[in-house]
Amino acid sequence: MLSQKLVDAFNEQMKNEFFSAYLYKGMVAYFTGEELKGFGNWLQVQTLEEMTHGDKFFTFLLDSGAAPVLLPIAAPKADWKSPLDAFEYGLKHEQFVTASINKLMDLAKKESNHAAQIFLQWFVTEQIEEESNFTGWVRKLKLVKGDGRGVLLLDQEAAARVFTPPAAPAP
Ligand code: FEO
């Protein structure tokens, strides 16, 4: 069972995850339009991952006997000045998501809701990887300083990312 406060906070985080998918899908459009299709691929995989994150909250709410509420999703920023601009924004967004997951964990602890804490643990760990991924691209893009050949090499690296669907898909 989840308290109404936890249900509300879980619905809000589900929205944040689906918003992340929306934000990164917009970046797919930007990078693909710039002929950086490797980065477009990387962000498409990121989009699909964010959908699975939202689905995890959806399923957990249902399994806990609560009704998931699909809150309105705002239009994401979409006017990127450069690949670095987009990835710096993505990193800031992931830092925001980490902070909101941590707040959720604090609430679950305060309410001694063990199931919610165990569920959220996966996200606490996942956020380390999420921030690390975006930090990596920011650092590499800073290294090449906008040099076309450097950016194209990074684009090739980004093309290798593959989406791995979760082992137990949401119903
Ligand atoms: Fe689902 Fe990128 O946080």
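This chain uses plain numbering: 1 for the first residue, then up along the sequence.
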For a quick test of reading the model, state the closest non-hydrogen atom pair linking Val97 to Ser100 and the distance between them. O-OG, 2.9 Å
Side chains of Glu50 and Gln46 only: does a donor on one sit below 3.5 Å from an acceptor on the other? yes
Distance-minimising heavy-atom pair for Thr32 and Val28: OG1-O, 2.7 Å
hydrophobic_cluster_shared for Leu153 and Phe39, side chain cutoff 4.5 Å: no
Determine the minimum heavy-atom distance between Val124 and Met105, stating which atoms define it. CG2-CE, 4.1 Å
Any donor-acceptor pair under 3.5 Å linking the side chain of Asp155 with the backbone of Gly38? yes
Is there a donor-acceptor contact under 3.5 Å linking the side chains of Gln13 and Glu17? yes
Testing the basics here: between Leu84 and Val138, what is the closest heavy-atom pair and its distance to 0.1 Å? CD1-O, 3.7 Å
Could you go through the side chain to side chain contact (heavy atoms under 4.5 Å, CB included) check for Phe57 and Leu104 one step at a time? CA-CA 12 Å; Phe57 279 96; Leu104 254 184; 4.0 Å; yes
Rounded to the nearest 0.5 Å, what's the gap from CG on Asn16 to NE2 on His53? Could you check? 13.0 Å
Could you tell me whether the side chain of Asp55 reaches within less than 4.5 Å of the side chain of Phe18, counting heavy atoms only? yes
Tell me if the aromatic rings of Phe31 and Phe87 count as close, with their centers under 6.0 Å from one another. yes
Is there a side chain to side chain contact (heavy atoms under 4.5 Å, CB included) between Leu2 and Leu61? Walk through the geometry before answering. CA-CA 8 Å; Leu2 297 169; Leu61 281 159; 4.0 Å; yes
Are the side chains of Pro165 and Thr52 in touch, meaning some heavy atoms are under 4.5 Å apart? no
In Å and rounded to the nearest 0.5 Å, what is the CD to CD1 distance from Glu94 to Ile101? 10.0 Å
Salt-bridge criterion met for Glu49 and Arg161 (N-O under 4.0 Å): yes
Would you say Phe123 and Leu48 are hydrophobically clustered, going by side-chain heavy atoms of ILVMFWY under 4.5 Å? no
Would you call Glu111 and Lys109 a salt bridge, taking side-chain N to carboxylate O under 4.0 Å as the test? no
Are Val144 and Trp80 linked, directly or through other ILVMFWY residues, by side chains that come within less than 4.5 angstrom of each other? yes
Taking everything shown except Lys5 itself, do over 12 heavy atoms lie less than 6.0 Å from its NZ? no
dist Leu107:CG -> Leu6:CG (nearest 0.5 Å) comes out at 4.5 Å
Do Tyr89 and Leu23 come within less than 4.5 Å of each other through their side chains, counting heavy atoms only? yes
Are Met51 and Leu70 connected into the same hydrophobic cluster when the rule is that any two of I, L, V, M, F, W, Y join if their side-chain heavy atoms are below 4.5 Å apart? yes
Heavy-atom donor-acceptor pair, Ser132 side chain to Ile128 backbone, under 3.5 Å: no
Under 3.5 Å, side chain of Asn11 to main-chain N/O of Val7, donor-acceptor pair present? yes
Considering only NZ, NE, NH1 and NH2 on the basic side and carboxylate oxygens on the acidic side, decide whether Lys142 and Glu88 come within less than 4.0 Å. yes
I need the minimum non-hydrogen distance between Pro76 and Tyr22, along with the two atoms involved. CD-CD2, 3.6 Å
Decide if atom NZ of Lys140 counts as having more than 12 heavy atoms of other residues, nucleotides or ligands within a radius under 6.0 Å. yes
Report yes or no: do Leu71 and Ile73 belong to one cluster of Ile/Leu/Val/Met/Phe/Trp/Tyr joined by side chain heavy-atom distances under 4.5 Å? no
Please determine whether side chain to side chain contact (heavy atoms under 4.5 Å, CB included) holds for the pair Phe163 and Asn41, giving the CA-CA distance in whole Å, both sets of side-chain angles, and the decisive distance to 0.1 Å. CA-CA 10 Å; Phe163 176 64; Asn41 167 71; over 6 Å; no
Between Asn133 and Trp42, is there a side-chain heavy-atom distance shorter than 4.5 Å? yes
Say whether Asp8 and Gln4, considering side chains only, have a donor N or O and an acceptor N or O under 3.5 Å apart. yes
If you round to the nearest 0.5 Å, how far is CD of Glu157 from CG of Leu152? 13.0 Å
Show the numbers, then the answer: is there a side chain to side chain contact (heavy atoms under 4.5 Å, CB included) between Trp137 and Leu91? CA-CA 9 Å; Trp137 287 123; Leu91 174 58; over 6 Å; no
With the side chain counted from C-beta on, respond yes when Lys56 and Met14 share a heavy-atom pair under 4.5 Å apart, and no when they do not. no
To the closest 0.5 Å, what do you measure between CD (Glu130) and NE2 (His93)? 9.0 Å
Give, for atom CZ of Phe19 and atom OH of Tyr24, the distance between the pair rounded to the nearest 0.5 Å. 9.0 Å
Is there a side-chain contact between Phe60 and Pro68, using heavy atoms and a 4.5 Å cut-off? no
